Amino acid sequence: MSPFAPPPASGKPRVCVIGWPVAHSRSPLIHGFWLKSLGIAGSYELAAVAPTEFPDFVRALEDHGFIGANVTLPHKQTAFALCDVTLPAAERLKAVNTLWIEAGKLCGDNTDAAGFLGALDQDAPGWDAGAGTALVLGAGGAARAIVHALQSRGMTRILLVNRTLAHAAKLAADFGVPVEVVDYGDLPDAMASARVLVNTTSLGMKGQPPLAIDLAPLPPQAVVSDIVYVPLETELIKAAKARGLKTVSGIGMLLHQAVPGFERWFCIRPCVTAELCRLVEADILAAG
Ligand code: ATR
């Protein structure tokens with residue numbers, strides 16, 4: 001029997017975030033803030049669904065009473081495979097984080113790249129003027145979204161540095177020009193040419209080893225972005241600020257990636273405001 005309630009008689013639109021585990025997700029806080037501040041009678045819920053149950057759950061999303069969903073770890077690739085229709089970003093990344101139903105078809109998008117770009121545009125406007133070289137640390141799923149985002153803004157070179165060279169080589173092969181793999185030993189040279197540096201690894205995250213790199217070679221106009229948001233200010237961001245560089249911290253991507261889904265489900269484009277940012281920051285701080 002489904003653990004989820006059927007749609008209420010009022011027909012109030014319900015959306016959920018599906019993950020395993022999912023209790024840590026900040027999505028209910030973000031979407032709940034927008035629902036309340038925009039006066040929309042909808043709900044956004046947690047749905048803890050095990051991998052073995054995920055396909056059945058998603059195929060019966062409407063029967064469970066939901067008009068759409070976010071998808072988080074470990075389901076993003078499976079969600080992509082289950083969709084009848086996928087938007088270009090999802091096609092590129094072979095992963096879906098936003099689902100909705102249109103004319104009876106299950107549709108999927110991936111909003112991670114848009115979230116990354118939304119954060120950079122808000123916190124470092126003009127960061128992509130004249131394109132140039134970007135340096136990406138990491139070659140996992142998050143790196144794919146970031147490379148896609150940087151490529152979409154016309155960066156002329158995207159340099160990848162990763163612990164496991166083969167993972168970076170695979171990503172570079174999938175994306176082609178302008179992505180190039182750089183040895184860790186050549187990091188200082190790569191930095192010297194970079195106008196944007198992005199950490200997509202888990203290094204620097206609470207409970208993980210630190211990201212130990214010297215930012216000295218970066219040019220003074222470089223922008224430093226970290227997708228890690230626990231802690232709110234990583235050592236990388238602190239070091240970049242200490243050097244007087246422009247910074248974009250990970251919470252921006254978390255908030256901005258939620259915008260397209262909300263707009264899709266509730267037909268209003270919400271804003272990432274300072275008030276929302278403070279709310280989510282407080283929640284992260286309270287979690288310790
Ligand atoms: P995500 O989907 O969040 O990107 P992932 O696919 O597991 O997660 O990728 C994690 C990234 O962090 C990878 O680039 C990983 O490097 P490897 O490809 O060598 O595994 C990187 N990473 C994780 N722990 C690391 C560590 N201790 N040192 C260096 N890089 C690390």
Side-chain angles (χ1 to χ4, degrees), residues 17-22 24-27 51 54 70-81 89-90 92-98 108-117 119-120 134-151 158-175 179-188 190-191 194 196-215 224-232 234-237 239 248-258 284:
V17 52
I18 314 169
W20 186 260
V22 77
H24 63 282
S25 172
R26 258 100 198 177
S27 292
F54 181 76
N70 277 130
V71 177
T72 188
L73 292 176
H75 300 312
K76 289 184 182 185
Q77 282 80 17
T78 313
F80 172 75
R92 193 79 173 105
L93 303 173
K94 305 274 180 270
V96 152
N97 72 349
T98 304
D109 191 10
N110 190 310
T111 66
D112 287 336
F116 171 74
L117 293 175
L120 257 77
L135 174 57
V136 176
L137 310 179
R144 275 179 186 268
I146 303 304
V147 167
H148 174 60
L150 293 167
Q151 195 173 28
I158 302 172
L159 308 179
L160 283 183
V161 175
N162 192 48
R163 174 179 61 179
T164 309
L165 218 50
H167 295 166
K170 169 82 171 72
L171 199 160
D174 289 350
F175 280 84
V179 184
E180 296 168 34
V181 181
V182 171
D183 279 332
Y184 186 78
D186 296 329
L187 188 54
M191 271 194 200
V196 187
L197 178 147
V198 190
N199 174 44
T200 75
T201 74
S202 44
L203 295 175
M205 192 185 290
K206 185 181 162 203
Q208 298 294 315
L211 173 60
I213 57 165
D214 178 6
L215 298 182
V224 174
S225 161
D226 198 338
I227 71 161
V228 172
Y229 58 86
V230 183
L232 289 168
T234 61
E235 292 301 319
L236 176 71
I237 295 294
V248 181
S249 51
I251 194 161
M253 180 172 168
L254 171 73
L255 302 178
H256 281 274
Q257 62 79 31
I284 291 169

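Note that the coordinates shown come from a computational prediction; the quantities given were computed from them, not determined experimentally. Start at 1 and go down the list; that is how both ligands and their atoms are numbered.
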*Can you name the residues that form a ring-ring contact (aromatic ring centres under 6.0 Å, His included) with Phe175, not counting sequence neighbours?*
none

*Indicate yes or no: does Lys94 engage Asp174 in a salt bridge with an N to O separation below 4.0 Å.*
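A salt bridge is absent here (no side-chain N lies under 4.0 Å from a carboxylate O).
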
_Contacts of Asp186 that satisfy salt bridge (charged side-chain N to carboxylate O under 4.0 Å, His left out) - sequence neighbours left out_ = none

*With sequence neighbours excluded, what pairs up with Arg26 under the salt bridge (charged side-chain N to carboxylate O under 4.0 Å, His left out) test?*
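Asp283.
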
*Let me know which protein residues bring a heavy atom to under 4.0 Å of ligand 1; chain then number is fine for ordering.*
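Within 4.0 Å of ligand 1, the protein residues are Gly138, Ala139, Gly140, Gly141, Ala142, Asn162, Arg163, Thr164, His167, Thr201, Ser202, Leu203.
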
*Are Thr98 and Asp109 linked by a side-chain donor-acceptor pair shorter than 3.5 Å?*
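Per modelled atom types, Thr98 and Asp109 side chains form no pair under 3.5 Å.
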
*Do you see a donor-acceptor pair shorter than 3.5 Å between the side chains of Thr164 and Asn162?*
no

